[in-house]
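Worksheet: one structure, shown below.
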Amino acid sequence: MTDLRDRVALVAGATRGAGRGIAVELGAAGAVVYCTGRSTRAARSEYDRPETIEDTADLVTAAGGTGIAVPTDHLDPGAVAALVARVERDHGRLDVLVNDIWGGEMMVEWDVPVWEHDLDNGLRTLRLAVETHLVTAHHALGLLARTPGGLVVEVTDGTDAYNAENYRLNVFYDLAKIAPIRLARSWAHELRGHGGTAVAVTPGWLRSEIMLEQFGVTADTWRDACAAEPHFAISESPRFVGRGIAALAADPDRHRWNGRSTSSGELGRAYGVDDVDGSRPDAWRYVTEVQDAGLPADTTGYR
């Protein structure tokens with residue numbers, strides 16, 4: 001069993017999707033988890049969706065950890081400084097930082113050249129997906145570095161190898177998803193003298209709340225979406241990447257991952273963790289070898 005009962009974690013961007021799955025699985029391992037985001041029970045962000053950080057914190061606590069919801073706009077340095085000061089005041093340490101802030105779903109334009117893409121949306125995407133990570137690291141890594149063994153996880157979409165070979169949707173999205181991989185390398189360099197570890201992690205095809213809604217299915221009926229999109233058969237719940245990251249955080253030899261880009265599938269193999277349905281999907285290998293290769297959907301050997 002993964003045991004993080006003595007750890008304090010901050011999941012920045014824990015409202016929904018991978019961030020929620022990661023927060024819950026850190027909680028299931030016993031960690032104290034600060035859950036941040038802009039969507040609360042009192043007010044919604046521009047997403048205008050029902051998921052809230054309070055809901056995530058409740059799920060963390062129900063899973064066995066201690067969930068603490070702190071409304072935070074990570075573009076606001078003062079708010080992030082106050083958040084980290086609270087963690088320091090309450091616990092005097094930070095063991096795990098997960099930078100999962102994204103916020104660009106509503107602004108993505110597929111396969112649009114830069115001169116046709118809405119510039120305000122593109123620049124806003126970069127602010128939400130990159131600037132927030134820098135602001136958070138600026139304020140949080142000093143606290144994390146005080147205790148040897150700290151872990152920073154930069155969450156992105158796509159592995160280093162995949163993103164190096166494939167253009168991702170448009171220039172803004174492409175930059176937004178490559179940047180966290182480079183940031184993980186930067187944090188690996190800066191934390192090396194403090195006993196810290198930094199890793200970039202990508203989930204596979206995520207059954208997030210938004211994705212399920214787009215397909216008109218639920219977490220229980222998700223297989224029905226395969227009729228419209230057969231390759232959705234390789235998809236995974238947000239808990240799968242969370243379980244991999246929790247296992248990574250509990251690994252006393254985690255520094256072997258320092259500076260690397262990895263995936264939920266690779267972490268699943270390395271630590272022997274499964275998704276909530278008992279399978280172990282390897283989405284990025286599937287995408288490369290089956291989906292992008294133009295082969296019929298067949299997850300045999302991939303989950």
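As the structure is a prediction and not an experimental result, all values here were calculated from the model. Nothing fancy with the numbering, it's 1 onward along the sequence.
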From CA spacing to verdict: ring pair (Phe, Tyr, Trp, His ring centres under 6.0 Å), Phe232, Trp205: CA-CA 7 Å; Phe232 196 58; Trp205 194 340; 5.2 Å; yes

Full working for salt bridge (Lys or Arg N to Asp or Glu O under 4.0 Å) between Arg124 and Glu131: CA-CA 10 Å; Arg124 174 71 173 170; Glu131 184 178 331; over 6 Å; no

Ser235/Arg207 under side-chain hydrogen bond (donor to acceptor under 3.5 Å, both in side chains): CA gap, chis, key distance, verdict: CA-CA 6 Å; Ser235 66; Arg207 294 197 296 272; 3.0 Å; yes

Intermediate values then yes/no, salt bridge (Lys or Arg N to Asp or Glu O under 4.0 Å), Asp157 and Lys177: CA-CA 6 Å; Asp157 174 27; Lys177 297 308 178 181; 5.7 Å; no

Extract all donor-acceptor atom pairs below 3.5 Å that involve side chains of residues 188-199 and protein atoms in other chains or at least two apart in sequence.
unit_1: Thr197; atom_1: OG1; unit_2: His255; atom_2: ND1; d: 3.0

Just list the side-chain donor-acceptor pairs under 3.5 Å for residues 22-33, sequence neighbours left out, or say none.
unit_1: Glu25; atom_1: OE2; unit_2: Arg239; atom_2: NE; d: 2.5
unit_1: Glu25; atom_1: OE2; unit_2: Arg239; atom_2: NH2; d: 2.9
unit_1: Glu25; atom_1: OE2; unit_2: Arg243; atom_2: NE; d: 3.2

Side-chain polar contacts of residues 98-105 - donor-acceptor pairs under 3.5 angstrom, sequence neighbours left out - could you list them?
unit_1: Asn99; atom_1: ND2; unit_2: His133; atom_2: O; d: 3.3
unit_1: Asn99; atom_1: ND2; unit_2: Glu154; atom_2: OE2; d: 3.0
unit_1: Asp100; atom_1: OD2; unit_2: Gly19; atom_2: N; d: 2.9
unit_1: Trp102; atom_1: NE1; unit_2: Glu105; atom_2: OE1; d: 3.1
unit_1: Trp102; atom_1: NE1; unit_2: Glu105; atom_2: OE2; d: 3.3
unit_1: Glu105; atom_1: OE1; unit_2: Tyr47; atom_2: OH; d: 2.2

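Glu88 has no carboxylate O lying under 4.0 Å from a charged side-chain N of Arg93, or vice versa, which leaves the two without a salt bridge. For Arg49 and Glu213, the salt-bridge test passes: some basic side-chain N is under 4.0 Å from an acidic carboxylate O. Salt bridge Arg146/Asp95: absent, no basic N to carboxylate O contact under 4.0 Å. Between Arg303 and Asp282, no side-chain nitrogen of the basic residue sits less than 4.0 Å from a carboxylate oxygen of the acidic one, so the salt-bridge criterion is not met. The pair Arg127-Asp120 does not count as a salt bridge, with every side-chain nitrogen at least 4.0 angstrom from each carboxylate oxygen.
Applying side-chain contact (heavy atoms from CB on, under 4.5 Å) to Phe172 and the options Asp118, Val114, Val108 leaves one that passes, Val114. Checked options Val84, Leu83, Asp90; the residue passing with Arg86 is Asp90 (criterion: side-chain contact (heavy atoms from CB on, under 4.5 Å)).
Heavy-atom contacts from other residues, nucleotides or ligands closer than 6.0 Å to CZ of Arg5 number 12 or fewer.
Pro77 meets the side chain to side chain contact (heavy atoms under 4.5 Å, CB included) test with Val135, His139; sequence neighbours excluded. The ring pair (Phe, Tyr, Trp, His ring centres under 6.0 Å) test applied to Tyr34 returns His91, not counting sequence neighbours. Applying the salt bridge (Lys or Arg N to Asp or Glu O under 4.0 Å) rule to Glu54 yields no partners; only residues at least two apart in sequence or on another chain are considered.
In this structure, CD1 in Ile178 is found 11.0 Å from OH in Tyr173, a value given to the nearest 0.5 Å.
With Arg254 contributing its side chain and Asp251 its backbone, the two residues share a donor-acceptor pair below 3.5 Å. Side chain of Ser264 to backbone of Val241: no donor-acceptor contact under 3.5 angstrom is found. Under a 3.5 Å cut-off, the side chain of Thr221 and the backbone N or O of Asp224 do not form any donor-acceptor pair. Side-chain N or O atoms of Thr52 include one that pairs as donor or acceptor with a backbone N or O of Asp55 at under 3.5 Å. Counting only distance, with no hydrogens or angles, the side chain of Asn121 and the backbone of Met107 share no donor-acceptor pair below 3.5 Å. Side-chain atoms of Ser261 come within 3.5 Å of backbone atoms of Asp160 as a donor-acceptor pair (strictly under, hydrogens ignored). A distance-only check finds a donor-acceptor pair linking the side chain of Ser186 to the backbone of Arg182 [under 3.5 Å].
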